[in-house]
Amino acid sequence: MEILSARKLKKYYGEGDSLVKALDGVDLSVEQGEFVAVVGSSGSGKSTLLHMLGGLDVPTSGSVCAAGHELSKLSENELAIFRRRKIGFVFQDYNLLPLLNVYENIVLPTQLDGRKTDRAFVEELLKRLGLADRQEALPNCLSGGQQQRVAIARALAAKPAILLADEPTGNLDTRTSQEVLGVLKAAGECYSQTIVMITHNPEIAQLAGRIIRIEDGKICA
Amino acid sequence: MMKIRNKKILRMLAGKAYRKNLRQNLMMIFSIAMTAFLITVVFSLGISYYKTVTERNLASEGMKYDVSLPEPTDEQIQKAREADGVKCAGLAVKCAVTDSDDGKDRIRFWWADEICWEKQCRPAFVMWEGTYPEKENEIMLSTQALSELGIEQPETGMGIPLIWSSLSEDSDLNNCETVFYLTGWFEEYGSHNSGYISKEFYERTGVKQTDTTNGVLYISLENPLYSSAYIKKLGNQIGLIGNQVIYSDALLFVKFVRLAAGILFLTVMTLVSGALFVYNIFYISVAREIRHYGQYKTIGMTVSQMKKYLLWQIFWNVLPGILGGLSLGCVVALWAVPYMLGALSGEAGMRQVVAFHPILLVLASVVTLLAVWGGCRQLLEKTARLTPVEAVRFNESVRPGKEKRRTKEIGMFQMARWNIFRSRKRFMVSAASLCMVIVVFLVVSVILQQNSAKAILNKQYQYDARVLNSKLRDDQEHAGITEELAEQISGLDGVKTVRKVYSQEVQYDYADTYEIMKDYMRAVYELPLMSESQLEENLKVWKNRLPGDETYPGQGQGRLVGIDEAEFDVLNKQGNGNLDKEAFFRGEGAIAFGFLSVSAESLVGKKLNFQVYGQPQESSVTVKWSGDGIETPVYFTNDVMPDIIVCEELFRELVTVPILELLDIDYEEAFDTTTDQAIAKVLENHDDLKLSTKTEDYDLLYGNELRLRVIGGSLCAVLVVLTFLNYGNMMAVSIQSRRRELAAMQSIGMTRSQQKIMMAAEGFHYALIAGGISLAAGLPLSYLISAAVNTYHTPYQFLILPNLLFFAVLFAFCSLIPVVLYQFLQRGRLIELLKE
Ligand SMILES: Nc1ncnc2c1ncn2[C@@H]1O[C@H](COP(=O)(O)OP(=O)(O)OP(=O)(O)O)[C@@H](O)[C@H]1O
Ligand SMILES: [Mg+2]
């Protein structure tokens, strides 16, 4: 079953001489439960694609359909609700809330939705991501890698249908990277989540079920 | 050479940054202009008020002077002119008045000596023409007097026939007809209808400068803000005689201090708000640009270069800000305020021109610069010295306090609370200014309530309506108010009680009572304008009075008053229940009243002998209670001697034909005009009875109340505007510095509606904290202040409704402002916000 699709997706920045075609006609289809890795050189449009898929930005043209929703038809508030229910997003630069501690950051999306937190699940996640004893730390006191793992935990905690991760292992050493990926895959299989992950690391890309290569805003092979 | 190029590049960079942050810079210009404007207005209001206080004589007397000495002798004038701190002293003598036969205002003829004319009269005129009269039949008239005489276009030398009388008691110059020749005219402040005549004429009238109420020495002082100690010293230097006093405003200095304190308070408030305003905006600019600053630092910009770069940007805001603020201030001070004051005072011709001086503009600029400097200094220093790494961590993002960390649920309120405490400094200043406004509002509302017409009237009037037998004074036996009438009135709808007050003039016996009552006599003759010799004379009249002599005016008369129970209860309440009701109604004794500074205590226990008019035998009562602290219930008093109150029954025993002087009427409901009218209807055919009601005075006092309301209201309004500007500004900064964080929340699924609720919760918290603190501090404070300035001794009353309303508005504003600001500031594409 197709859960995520993009049709003729284009995203242009600027105009005239300074026109940048970050995405230039991307067609994409992802089945439920698939684990997709997105690779490509820097500035090729990977992050842009992920933002479009997650409803964080509006395409110049084309459409995105995710978990049964045509994203262009949703209002701003509906998009926010869609995100917290269906999407887990791991940002390249984490975007943790400085005011909340690790635990609070992780459970915030569920709470915003008025749902009960699955505490056992969160505890388990924290343990497996090596954050069990840092639960009460504020993000500012964490290392880059720790912050990244908190961001991953936050994305997984709400058990979203789709997990979009922008270089989730960018700041991690090889061993931790492997562990974190293990967590991602396990969660994905357990809750039949669909995972789209950007990575620069070919080894990690190999773990995915499918690899999509982007160059100059286009999918090549 | 290098250096100059450096400067140019800095300026260019600063210019780029300035344009990029245009919104913040416009806000900064606005806030600087607001500060300059408010300061200008506050200052010009200050000096205007100062002028109205120091030059009040200008309006009331039409002369420019500070203090005056009535009936001066030549020697005193000489001494006054030589006394310390006296600028000049001019003599003016009122020597004649025109006769008014047809209801026209009389014209008063004054003679002024040269000093008075040159230094005190002329500077006080709006305009003048001609010369001071020299010949006996020459005159100079005010334009008011001229138009009263039907002359709209005066010419020098024109003849004006006037009928006049000398003001000298010994003179027989009455109704003299003289054709005066006009030597000039002038326009006064206020309408005094005066004319100036020559020295020759003055001498002819026979009036002397030492005649009571006619001659006055006007003294101008070097320091118009004199203290009462100085006036005392001046009096000693001049050598006052008998009861002579220097007329001065004993509270002038106090008033000035009060004014200065008020101005200082408003200035400091404005300055602090202005500084805060500038700080907040500057903070946003810095926070937005901080990464660039870090980069500049990384590529080698020095601290002083960085400062210059920032100072240029501030300077471009200061210039237009101050200029704009000052111009607006001038417009308001020179046009709007005089207009408003004129409309408020309702006194046409009153000198209400707002005093204005260019130095004000300089002062206001200096204060505004101070505010800008105060707002920028710290941040400028800090920013300039920032290392590149620090620049990245510039945003405040530490969670305050050591709250219990493991929160299971994070509510909106929890987050809101954390957010407002993020920057303690910002929170403190904003909360403090919110608190201040609330406290001022509480205090002002209490004071306004205290001075409201109804509160004053309720305190001052012991009745809702009073029926007075107005012929009683002329005809001792006139029984205008009958018992039936009293019955009839008490039967009216809306009337609660009718209290009856009987009164009768009595003649105290000299031999028995002089010793007891001499304090009363003395008190009168210690007033200025009364003399020892008059006292002697009057005592002689009293002493030599034959029994049964009923000629009036005599000496040693008093009033015997009889009251019923209802009236007694009212009096006893005033006297804090110190009277013994049962003893009083058993007829055991009387209540005696004091006079001026004389306490009635001296009469307690004394037996007073007197004779009731029309009754041959002498009667007597014993004074058992002092009426100190109680207002006498009667309308007519025989000014010097005490009123003596007894119960109705005893009164009937003492007076064979008891006559009602008045009825005090209490209503079911105060200020009930229907009942007013019903009573008026009952009295329709009684020309000899006068009805006065509390409602009548209401209109009169209401004007005063309104004025106070406007003044208090404007004070509150200025503070409210300042505070909300501050608050809004603080919130704007708070939101601006959290743009990225808010976007991050949105990206993980917080809706905009949820963010708005969070914003409102933040505002609500502010209101809650500030409201709580100010209620706790403001209520006792309002009580203390109201007790300190309670001129009318009205009871302290905290009005629930307006305060509730105020708090409702406060909460609404505090909660709504952040939401509106959020809506306005947190715009744009989510992904862009996330990149900030
Ligand atoms: N707001 C923007 N305005 C203009 N151009 C932009 C903007 N955001 C991204 N771009 C451009 O779009 C292109 C794609 O950017 P994107 O962030 O998707 O690259 P990326 O593949 O994620 O690169 P990296 O691996 O370095 O993260 C880049 O050339 C970038 O310069
Ligand atoms: Mg990227």
Side-chain angles (χ1 to χ4, degrees), chain A residues 11 13 47-48 50-52 54-58 75-114 116-117 119 122 135-141 151 154-155 157-158 160 164, chain B residues 390 392-423 734 737-758 762 822-823 826-836:
Chain A
K11 181 70 186 178
Y13 291 109
S47 295
T48 310
L50 216 64
H51 293 155
M52 297 298 152
L56 285 170
D57 206 355
V58 198
S75 72
E76 213 178 343
N77 272 341
E78 285 166 340
L79 263 179
I81 294 169
F82 159 78
R83 279 196 301 270
R84 72 189 182 210
R85 296 207 174 137
K86 303 289 181 199
I87 308 276
F89 213 106
V90 184
F91 289 94
Q92 207 166 358
D93 43 7
Y94 332 130
N95 282 331
L96 297 179
L97 297 173
L99 207 59
L100 304 183
N101 67 25
V102 168
Y103 181 83
E104 289 157 355
N105 257 293
I106 292 172
V107 299
L108 186 62
T110 345
Q111 290 198 345
L112 284 174
D113 205 31
K116 265 205 98 62
T117 353
R119 289 205 54 186
V122 173
Q135 287 187 36
E136 287 164 32
L138 290 175
N140 275 15
C141 314
R154 181 175 68 182
L164 303 172
Chain B
E390 281 169 338
V392 178
R393 294 212 201 106
F394 184 76
N395 280 355
E396 312 134 334
S397 52
V398 185
R399 187 153 99 186
K402 288 259 173 290
E403 286 196 47
K404 235 179 71 206
R405 275 295 145 95
R406 187 63 182 242
T407 22
K408 291 180 182 80
E409 308 283 319
I410 338 134
M412 294 284 175
F413 269 82
Q414 178 87 70
M415 279 209 268
R417 196 153 55 238
W418 286 338
N419 270 324
I420 64 175
F421 285 121
R422 261 178 163 185
S423 162
S734 163
S737 65
R738 272 191 285 159
R739 276 164 80 88
R740 177 152 184 233
E741 201 181 311
L742 289 168
M745 288 192 188
Q746 235 176 309
S747 76
I748 57 163
M750 192 176 209
T751 60
R752 277 183 81 86
S753 325
Q754 279 176 317
Q755 296 206 320
K756 282 182 202 163
I757 293 172
M758 190 172 78
E762 268 184 58
Y822 166 82
Q823 184 75 0
Q826 190 70 2
R827 277 196 304 209
R829 286 167 48 227
L830 194 53
I831 213 76
E832 297 300 320
L833 292 170
L834 277 172
K835 278 185 188 156
E836 280 216 349

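Worth saying up front: this structure is predicted, and the values here are computed from it rather than measured. Numbers restart at 1 for each chain; the letters A, B, ... are given by sequence-line order, proteins then strands.
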So how far is it from [X] [atom1] to [Y] [atom2], rounded to the nearest 0.5 Å?
X: A:Glu76; Y: B:Thr751; atom1: CD; atom2: OG1; result: 9.5 Å
X: B:Ile748; Y: A:Asn105; atom1: CD1; atom2: CG; result: 7.0 Å
X: A:Leu56; Y: B:Leu830; atom1: CG; atom2: CG; result: 5.5 Å
X: B:Met758; Y: A:Leu112; atom1: CE; atom2: CG; result: 9.5 Å
X: B:Glu741; Y: A:Leu96; atom1: CD; atom2: CG; result: 11.0 Å
X: B:Met750; Y: A:Leu108; atom1: CE; atom2: CG; result: 6.5 Å

*More than 12 non-hydrogen atoms from neighbouring residues, nucleotides or ligands closer than 6.0 Å to NZ on A:Lys11, yes or no?*
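For A:Lys11, atom NZ is crowded (more than 12 foreign heavy atoms under 6.0 Å).
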*Trace of the side chain to side chain contact (heavy atoms under 4.5 Å, CB included) decision for A:His51 with B:Leu834*: CA-CA 11 Å; A:His51 293 155; B:Leu834 277 172; over 6 Å; no
*Can you tell which part of A:Asn77 gets under 4.5 Å to a heavy atom of chain B, answering side chain, backbone, both or neither?*
both
*Region of A:Arg85 in contact with chain B, defined by heavy-atom distances below 4.5 Å*: neither
*So which part of B:Arg752 gets closer than 4.5 Å to some heavy atom of chain A, the side chain, the backbone, both or neither?*
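It is both, since atoms from each part get that close.
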*asked:* Need one label for B:Gln746: side chain, backbone, both or neither, based on atoms under 4.5 Å from any heavy atom in chain A.
replied: both
*Heavy-atom side-chain contact between B:Arg829 and A:Asp57 under 4.5 Å*: yes
*Within a strict 4.5 Å, meaning less than it, do heavy atoms of the B:Arg740 and A:Asp93 side chains meet?*
yes
*Please step through side chain to side chain contact (heavy atoms under 4.5 Å, CB included) for the pair A:Leu99 and B:Arg738, ending with a clear verdict.*
CA-CA 11 Å; A:Leu99 207 59; B:Arg738 272 191 285 159; over 6 Å; no
*Do you know which two heavy atoms are closest between A:Arg84 and B:Gly749, and how far apart they sit?*
NH1-O, 2.8 Å
*Got a sec, which residues hit ring pair (Phe, Tyr, Trp, His ring centres under 6.0 Å) with A:Tyr94, two or more places apart in sequence or on another chain?*
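Once residues adjacent in sequence are excluded, A:Tyr94 has no partner under the ring pair (Phe, Tyr, Trp, His ring centres under 6.0 Å) criterion.
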